[in-house]
Amino acid sequence: MTVLVVGSVNADVTVRASRIPAPGETVLGEEARVSPGGKGANQAVAAALAGISVSLCGAVGQDSFREVALSGLTHAGVNLSHLHDLGAPTGLALITVSPDGENAITVASGANAHVLPAHLPADLRGFTHLLLQNELPPEVTREAARRAHNAGLTVLHNAAPAREPGPELLARTHHLIVNEHELAVFLGGADGQDVEAQARTLLARGPQAITVTLGSRGSLTVTEENTYRLPAYPVTPVDTTGAGDTFCGVLVAWLASGQALPEALHAAGVAAALACTRPGAQDAMPNRAEIEEYLHPGR
Ligand code: RIB
């Protein structure tokens, strides 16, 4: 079972500070940490560490951030034969992390913004699942979903950062993963309304499953027949960067290895919680053995 991730690759420059600066404010922080990131790369790494075969289609530049941006992918054994070298800087994310582990992120997209539908793999044979996010141009995400859907792949779309998927993409997405904020944006409503009702509204637009990640409250997933509410695995967060990506990568890994949806959601939730207990995105992700140990202690 092989997963194709079509998504962004970044280097993350992270500073821990006493708080996330307000507009116009300067806050002094600790030493900057440079580590591999990007929602696409993060999800590819999470899935590969969870034990499945993963390919990433995306782009980097030829600059000094390239090496760190690719380091986690290489370490995790992600296939990079669909990675492109483009004449633009490698994507760079500027991240501030507050003492409670929350973050604010600004992304300089660089090469990610130059990916074209022509860069997508021509042949999808051998892939069973496609995993998408919203850090590449929308036409690339849409075309990847169209081709994958036509080729019979299962399409998972993590619609982050928030960007309205549109009817065409929704109709080709089997499983949509959003947080509460993204869900509210898509439905034009305010945060805090009944999440299950909102998720069911989105379900009616095409996907077979909608998962809403709820941070420290776990996750909620709706399908036509069922609702799954999974509590969060209790941890003290150090850095939540990449927790959502860990969730998505492990979810697709468990599904691609033939596990049922409730088991996959459980593993994804545990992995995302573990990823919050260490600094960084890819650097913080658990591998399959660690996830299994928390799912089945002492087995
Ligand atoms: O989801 C976290 C990621 O968002 C970071 O690694 C950063 O690169 C941005 O893409």
Side-chain angles (χ1 to χ4, degrees), residues 5-16 20 32-49 56-61 63 65-76 78 83 88-98 101-115 131-138 140-141 156-163 177-182 211 213-215 219 237-252 268 271-286:
V5 178
V6 176
S8 58
V9 183
N10 294 336
D12 289 355
V13 180
T14 303
V15 179
R16 299 187 72 84
I20 290 167
R33 184 174 184 279
V34 185
S35 58
K39 292 187 194 304
N42 291 349
Q43 296 184 15
V45 167
L49 291 176
L56 176 88
C57 173
V60 289
D63 53 331
F65 285 114
R66 170 199 172 90
E67 195 179 324
V68 66
L70 295 180
S71 59
L73 291 159
T74 311
H75 173 76
V78 173
L83 183 81
T90 299
L92 189 65
L94 305 174
I95 305 177
T96 308
V97 177
S98 62
E102 286 305 322
N103 62 56
I105 306 180
T106 306
V107 177
S109 293
N112 298 302
H114 295 265
V115 178
L131 179 57
L132 299 165
Q133 316 76 32
N134 280 346
E135 286 189 334
L136 294 185
V140 175
T141 308
L156 292 92
H157 180 200
N158 173 216
R163 183 169 75 200
I177 303 122
V178 291
N179 65 24
E180 281 174 282
H181 166 69
E182 290 147 2
T211 292
T213 56
L214 302 166
S219 69
V238 168
D239 181 357
T240 57
T241 309
D245 299 331
T246 306
F247 185 98
C248 296
V250 172
L251 178 68
V252 77
L274 290 173
C276 293
T277 62
R278 298 179 279 240
Q282 294 168 33
D283 294 351
M285 290 172 178

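In each ligand, atom 1 is the first atom listed, and ligand 1 is the first ligand listed. It should be emphasised that the depicted structure is a prediction, and the values quoted were computed from it without experimental measurement.
A search for side-chain hydrogen bond (donor to acceptor under 3.5 Å, both in side chains) contacts involving Arg16 returns nothing, not counting sequence neighbours.
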For a distance cut-off of 3.5 Å, show me each N or O of ligand 1 paired with any protein N or O, plus the separation.
{"from": "ligand 1", "atom 1": "1 (O)", "to": "Lys39", "atom 2": "NZ", "distance (Å)": "2.7"}
{"from": "ligand 1", "atom 1": "1 (O)", "to": "Asp245", "atom 2": "OD2", "distance (Å)": "2.7"}
{"from": "ligand 1", "atom 1": "4 (O)", "to": "Lys39", "atom 2": "NZ", "distance (Å)": "3.2"}
{"from": "ligand 1", "atom 1": "6 (O)", "to": "Asp12", "atom 2": "OD1", "distance (Å)": "3.4"}
{"from": "ligand 1", "atom 1": "6 (O)", "to": "Asp12", "atom 2": "OD2", "distance (Å)": "2.6"}
{"from": "ligand 1", "atom 1": "6 (O)", "to": "Gly38", "atom 2": "N", "distance (Å)": "3.1"}
{"from": "ligand 1", "atom 1": "6 (O)", "to": "Asn42", "atom 2": "ND2", "distance (Å)": "3.0"}
{"from": "ligand 1", "atom 1": "8 (O)", "to": "Asn10", "atom 2": "ND2", "distance (Å)": "3.0"}
{"from": "ligand 1", "atom 1": "8 (O)", "to": "Asp12", "atom 2": "OD1", "distance (Å)": "2.6"}
{"from": "ligand 1", "atom 1": "8 (O)", "to": "Gly38", "atom 2": "N", "distance (Å)": "2.9"}
{"from": "ligand 1", "atom 1": "10 (O)", "to": "Asn10", "atom 2": "ND2", "distance (Å)": "3.1"}
{"from": "ligand 1", "atom 1": "10 (O)", "to": "Glu135", "atom 2": "OE1", "distance (Å)": "2.9"}
{"from": "ligand 1", "atom 1": "10 (O)", "to": "Glu135", "atom 2": "OE2", "distance (Å)": "2.8"}

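In this structure a side-chain-to-backbone donor-acceptor pair under 3.5 Å is present from Glu135 to Lys39. Side chain of Asn179 to main chain of His181: a donor-acceptor pair is present (N/O by atom type, distance under 3.5 Å, no hydrogens or angles).
For Asp63 and Thr90, the side-chain atoms include at least one donor-acceptor pair closer than 3.5 Å. A donor-acceptor contact closer than 3.5 angstrom links the side chains of Asp239 and Thr241.
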TODO: Please report the C-alpha distance between His157 and Asn134 in whole Å, then the side-chain angles of each, then the deciding distance to 0.1 Å, and finally whether the side chain to side chain contact (heavy atoms under 4.5 Å, CB included) criterion is met.
DONE: CA-CA 8 Å; His157 180 200; Asn134 280 346; 2.9 Å; yes
